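Single-structure report; data block below.
Computed from a predicted model, the values in this text were never measured in an experiment. As a basis for the values below, the full set of heavy atoms in this structure was taken, side chains included, without hydrogen atoms, waters or symmetry mates. Just follow the structure's listing: the first ligand is 1, and inside any ligand the first atom is 1.
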Amino acid sequence: MTAVAANPQFPLQNVEEDNQEKLLADIEKSSVSPLWTQMKRLNPPLPNPQAIPFIWKCNEIRPNLLRAGNLVTEKQAERRVLMLVNPKKVLQNRLSLRIPIYAGLQLVMPNETAPAHRHTAFAMRFIIEGEGGFTAIHGRRVNMKRGDVILTPTWNWHDRGKDGSGPMIWLDGLELPNFVHFPVHFVEHHTAARYPTENINSGASPIVFPWAKMQAKLDAAPVEWISKPYLQSDGTEVSRILGGSAERLEPGKASPAFRETTSSVYHVVEGSGYTEVEGNKLTWERGDTFCIPAWHRYQHFNTGGERVYLYRFDDKPMLKALGFYRTDQTDSESLSTSWTAL
Ligand code: GTQ
């Protein structure tokens, strides 16, 4: 056996008696950890999202959300929301929501108001059902109508409420899981019961995207499948982290198949069909919500007799800004030559 040349500065212990187990036990005492036992996990050959493709069925969740409307007061809850939790079984990281984006179904009951607060997180909401609801963002109050997308930009005071007619339900999309990695989320509660507000015309508000406008855009194109983004009037994304879009798919038709680094949440606005996600079949109808984890190949199929309309939000703006956006159509060699100074 060749003798190991010992570095005089770091003389080797008795090599004969030493072994890896002893080494691991010893290094733990100094609060260090060997990379070589974790290398595969930290450097996987493919993206490994901590989520599985999953569908939340409206007819299972809605009755319990309405029960919460009777049993949990808005004051007690601050926000009466059922969070959509991805059921992937993971041992580590139990507390995180396991997808880079957060989704929840929020309920406001007749004649109640959710107390005003503001936070760092940006929110993007899709109104699923109900009439006579309003949201006040930094003192400007707009009506909420089915199909509308309403933004809550970062650090704006917001509260909302309803008149006396029926309950109102919407889908919340927030970047909350990001704050597991960036622990910089601030929340402030308004001290008075309400933040002072004036009514403004929803049609003129930059934070409201009425469904009628989006549907007209989708219907204008003479194609079987189309997707249109929600963008600000200057053409930029609605936030630096979350983005959104809507899709139309004709009866009996399929969308193109996609595979991208984005994680997305879809909501079925109208119609019925299914989405194939990497070998899983998620069968949906109006009111259902489903998620597509990063790098899972997906394709939508309209199996009903009507047009399908889907709403979607995703983390594409964040991934693009960070340089992590990529699809299976991207020439991966182009990714390594982006440094011109090489
Ligand atoms: O409406 O402000 O679903 O702060 C989660 C956190 C909604 C909200 C959520 C929130 C809100």
Side-chain angles (χ1 to χ4, degrees), residues 51 56 58 61-62 64-66 68-69 72-86 95-109 112-130 133-145 148-162 167-195 197 205 207-209 238-239 241-242 244 263-267 287 289-291 311-315:
W56 291 269
C58 176
I61 297 171
R62 190 176 175 277
N64 287 329
L65 185 57
L66 292 172
V72 184
T73 64
E74 191 80 278
K75 218 179 160 80
Q76 180 193 348
E78 188 171 342
R79 296 291 182 262
R80 191 188 292 108
V81 175
L82 292 180
M83 302 190 290
L84 306 187
V85 180
N86 195 277
L95 287 177
S96 94
L97 294 164
R98 301 192 204 111
I99 47 173
I101 45 185
Y102 159 103
L105 292 169
Q106 182 159 173
L107 168 72
V108 174
M109 295 293 276
E112 67 179 12
T113 311
H117 69 195
R118 59 179 178 176
H119 40 64
T120 316
F122 164 91
M124 182 162 189
R125 314 179 198 275
F126 179 87
I127 314 303
I128 297 173
E129 70 169 79
F134 67 85
T135 187
I137 315 270
H138 233 83
R140 287 155 175 260
R141 191 198 309 226
V142 292
N143 289 325
M144 300 164 103
K145 285 222 301 275
D148 291 352
V149 170
I150 301 183
L151 310 180
T152 308
T154 183
W155 210 241
N156 279 241
W157 290 109
H158 52 286
D159 59 23
R160 42 199 95 85
K162 268 213 91 287
M168 184 156 217
I169 296 175
W170 63 82
L171 175 67
D172 281 329
L174 286 90
E175 76 238 32
L176 289 178
N178 257 354
F179 299 113
V180 173
H181 305 290
F182 307 114
V184 294
H185 194 214
F186 294 83
V187 179
E188 192 179 331
H189 300 270
H190 191 53
T191 42
R194 303 298 311 281
Y195 189 81
T197 53
S205 169
I207 57 150
V208 181
F209 297 85
V238 293
S239 103
I241 295 171
L242 296 184
S263 304
S264 58
V265 172
Y266 274 91
H267 180 78
T289 305
F290 58 95
C291 73
Y311 162 73
R312 148 177 171 150
F313 66 96
D314 58 45
D315 57 359

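- Atoms of ligand 1 found under 4.0 Å from any heavy atom of Val81 (numbered from 1 in listed order, with element): 3 (O).
- Arg79 CG, 3.9 Å is the protein heavy atom nearest to atom 11 (C) of ligand 1.
- For atom 7 (C) of ligand 1, the closest non-hydrogen atom on the protein side is Asp172 OD2, 3.2 Å.
- For atom 2 (O) of ligand 1, the closest non-hydrogen atom of the protein is His117 NE2, 2.8 Å.
- Under 3.5 Å, the side chains of Asp159 and Trp157 contain no donor-acceptor pair of N or O atoms.
- Atom CZ of Arg141 sits in a crowded spot, with more than 12 heavy atoms from other residues, nucleotides or ligands closer than 6.0 Å.
- Ligand 1 places these atoms under 4.0 Å from at least one heavy atom of Gln106: 1 (O), 7 (C).
- In terms of protein heavy atoms, atom 5 (C) of ligand 1 is closest to Tyr102 OH, 3.4 Å.
- With no hydrogens or angles considered, no side-chain donor-acceptor pair links His117 and His190 at under 3.5 Å.
- Within the 4.0 Å heavy-atom cutoff, Met83 does not count among the residues contacting ligand 1.
- Contacts of Glu78 with ligand 1, taken as heavy-atom pairs under 4.0 Å, are absent altogether.
- Residues Val149 and Phe313 are not in side-chain contact: their nearest non-hydrogen atoms beyond the backbone lie 4.5 Å or more apart.
- With distances taken over non-hydrogen atoms, the option nearest atom 10 (C) of ligand 1 out of His119, His158, Arg160 is His119.
- Heavy atoms of Arg118 found under 4.0 angstrom from ligand 1: none, in either backbone or side chain.
- The only member of Lys162, Lys75, Arg160, Arg80 that meets salt bridge (Lys or Arg N to Asp or Glu O under 4.0 Å) when paired with Glu112 is Arg80.
- With a 4.5 Å cut-off on side-chain heavy atoms, Met168 and Glu129 do not count as touching.
- Taking every heavy atom of both residues into account, Thr120 and Phe186 meet most closely at OG1-N, 2.9 Å.
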